[in-house]
Structure formats: C-alpha cells, structure tokens
Amino acid sequence: MIHYHGTPCSGPRAEAYAFLAGRHALASFETPDEIANVADVCQSFILDNGAFSRWKDGQPLDVDGYIHWVAEWFRHPGFDWALIPDVIDGDEEANDLMLECWPEHLPGAPVWHMHESLDRLQRLAKNWRVVALGSSGQWATPGTTPWWRRISDALDAICDEKGRPICKLHGLRMLDPRIFCDLPLASADSTNAAVNAGSVGRFGMYPAPTAAARAAVIADRIESHNSAPVWQRSGQVELAI
C-alpha cells in the first residue's frame, strides 16, 4: 500500500523538505506552491483538486484551472494520478458530468462518495483503473460505526468471491492504521503528519525538536502498517457491524 501524506507541512519550508524526502505525498490545488517541494524529493505523488476544502468553505472549484495545473505536471516521472474534480454532496448525474469533462490523456481517478449508490460504485470500478473512496453525507467521518457499515457494503459490491477488489482502491482521509489495516486499499491519504507535527503537546514529555522530526515520527508509525490483502468482514470491521 502507498501512504500519501498530504501537504502543506507544518514548520519552515526547509523542514518540510526534509520530511517529504523519500516519501509519497499528495499535493493540493488549494496550495499549489507545495508541488515544487513534492516533485523534487518525493518518490511519487498524486494531485488533489481541493474540492473538499472548497466544499467546507462554500466556495466553487476552478475546474479549468485544476486541469491546466495537472497538465503541467502529469509528465513528471513521480506523478501517479490526479483526483478528478467532484461535487462532494452533489448527485450522481453532477459527478458523472465531471468525469465526461476530464481529458482522456490525463491519468485520473474518479471519486465515489459514500452517499452515492452502490450501482455507481460498481460502474466506476468496472471502467476505471483506480477509484477513490470518499466519506460524505451521513458517513462523512471515517471510522464511526455507521461508516464501517457503509464501507463494508461498498466492498461487498466490488470484491470478488475471494475478497479481491476489481480495481485499485484509494482511501480519501483513510491513512489511519485502525482503518486501512482492515481494507484492501492500494493507497490512502491524510494530512495527519503534516498538520499534527505542529501540536507539540501530543508528543508527551520528550517531543522531537523540529516539526519535520515530529512529522516523521507520525509518518513512520503509519507507514509501519499495511492494508489488508483481501476484504473480509472480520476483526474491527466485524465489531463495528
């Protein structure tokens, strides 16, 4: 599983550079200047359209600007793919229209929102190499009992009889071992390391001296875990259901 750490990072830019070196990262269109560091030192990266931040702030997404930004970077050897723009609380028709507007030559991943139908998820999984799973609607918070019930139904719908997904799955905001260790994800992302490195108090009596070092501590703990090889309703999943 690839662990993509969201940017921007806490602390001075030089420290962020040190943290990102050799890792995998997610760069957002909301903070496009971060891509310079990411592309320079990361093993690989994905690009995020910033729809979630825009959604929270009640602001529209500059779709054309995002596509142009992706087009500038997709030939970089570290580029993996970009999240196709989505309407987080929109209906399926609105999000399907977004997919139709995406340029075919740009490697992209559609987002299936958990408030959408399982039929749409199956359709996306059959037609795209990578599908991103996004928590939304009444299932907006990953890790809750209702969320586990919904994600379980979703995986039942797109895994074969051996529990293998029919496409690669990416977990949006799911870079938590308590979540991804029970899911057959090819990759996941979160801003945990980048954001919480600035919270010195969470490190107890002996915090690392710099934001980069603290971010590395968080990231190393996350990266020591892997996703499940196949989907099974067991362990934490079974307890939640």
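Given the structure is predicted, the values throughout are model-derived calculations rather than measurements.
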Would you compute the distance between atom CD1 of I218 and atom CG of L175 and round it to the nearest 0.5 angstrom? 11.0 Å
Non-hydrogen side-chain atoms of C9 and L20 separated by less than 4.5 Å: yes
Checking the side chain of R173 only, and the main-chain atoms of A140 only, is there a donor and an acceptor separated by less than 3.5 Å? yes
Hey, can you tell me if Y66 and W102 have their rings parallel, tilted or perpendicular (30° and 60° cut-offs)? tilted
Assess the side chains of D189 and H170: does a donor N or O sit below 3.5 Å from an acceptor N or O? yes
Any chance you could lay out the side-chain contact (heavy atoms from CB on, under 4.5 Å) test for L118 and W112, step after step, and finish with the verdict? CA-CA 9 Å; L118 297 179; W112 177 74; 4.0 Å; yes
Do L26 and H5 come close enough that some side-chain heavy atom pair is under 4.5 Å? no
Does the pair L124 and Q122 meet the rule for a side-chain contact (heavy atoms from CB on, under 4.5 Å), with working shown? CA-CA 5 Å; L124 293 176; Q122 290 175 320; over 6 Å; no
Are K168 and D80 ion-paired here, with the side-chain N under 4.0 Å from a carboxylate O? no
State, with a plain yes or no, whether a side-chain heavy atom of R150 is found less than 4.5 Å away from one of Q138. no
Could you state the interatomic distance from CG (L185) to OG (S187), rounded to the nearest 0.5 Å? 7.5 Å
Do F79 and W73 have ring centroids that are under 6.0 Å from one another? no
Name the residue from D119, L121, N127 that meets the side chain to side chain contact (heavy atoms under 4.5 Å, CB included) definition with R123. N127
Locate the shortest heavy-atom distance separating R129 from W81; write the atom from each residue and the value. NH2-CD1, 3.9 Å
Are W231 and D156 linked by a side-chain donor-acceptor pair shorter than 3.5 Å? yes
Point-to-point distance, once rounded to the nearest 0.5 Å, from NE2 of H3 to CG of N192: 12.0 Å
I need the minimum non-hydrogen distance between A212 and E15, along with the two atoms involved. CB-O, 3.0 Å
For F180 and H225, take the angle between the two ring planes, folded into 0 to 90°, and tell me which bin it lands in: parallel under 30, tilted 30 to 60, perpendicular over 60. perpendicular
More than 12 heavy atoms from other groups under 6.0 Å of NE2 on H105: yes
Please lay out, stage by stage, how L99 and W128 fare under the test side-chain contact (heavy atoms from CB on, under 4.5 Å). CA-CA 11 Å; L99 300 184; W128 293 84; 4.2 Å; yes
Do C167 and V131 have side chains that get closer than 4.5 Å, going by heavy atoms? yes
How far does CD1 of I166 sit from CG of L169, to the nearest 0.5 angstrom? 9.0 Å
Does Y17 reach the side chain of D40, with side-chain heavy atoms less than 4.5 Å apart? yes
Tightest non-hydrogen contact, residues D91 and E116, listed as O-OE2, 4.5 Å
Check for a donor-acceptor pair, side chain of Q43 on one end and backbone N or O of G22 on the other, with a separation under 3.5 Å. yes
Any idea which heavy atoms bring R120 and V111 closest together, and the distance? NH1-O, 3.2 Å
Side chains of L83 and L47, heavy atoms from C-beta outward: is any pair under 4.5 Å? no
Output for pair (I151 CD1, T144 OG1), nearest 0.5 Å, gives 11.0 Å
Distance (rounded to the nearest 0.5 Å) between I2 CD1 and R23 CZ: 14.5 Å
Is the backbone N or O of E34 less than 3.5 Å from a side-chain atom of T7, with the two atoms forming a donor-acceptor pair by type? no
Start with the C-alpha gap between R164 and C159, add the side-chain angles, then the distance that decides, and say whether side-chain contact (heavy atoms from CB on, under 4.5 Å) holds. CA-CA 5 Å; R164 300 172 300 188; C159 290; 6.0 Å; no
Any side-chain heavy atom of W139 within less than 4.5 Å of one from R149? no
Do H115 and E92 get their side chains close enough for a donor-acceptor pair, meaning under 3.5 Å? no
Heavy-atom nearest pair, P110 first then V130, reads CD-O, 3.2 Å
Salt-bridge test for D160 and K162: reply yes if a basic N is under 4.0 Å from a carboxylate O, no otherwise. no
Taking all non-hydrogen atoms of both residues into account, name the closest pair between I179 and G143 and its distance. CD1-N, 3.9 Å
Without hydrogens or angle criteria, can the side chains of S135 and W147 be said to hold a donor-acceptor pair below 3.5 Å? yes
Considering only heavy atoms from C-beta outward, does the side chain of C181 approach that of N226 to under 4.5 Å? no
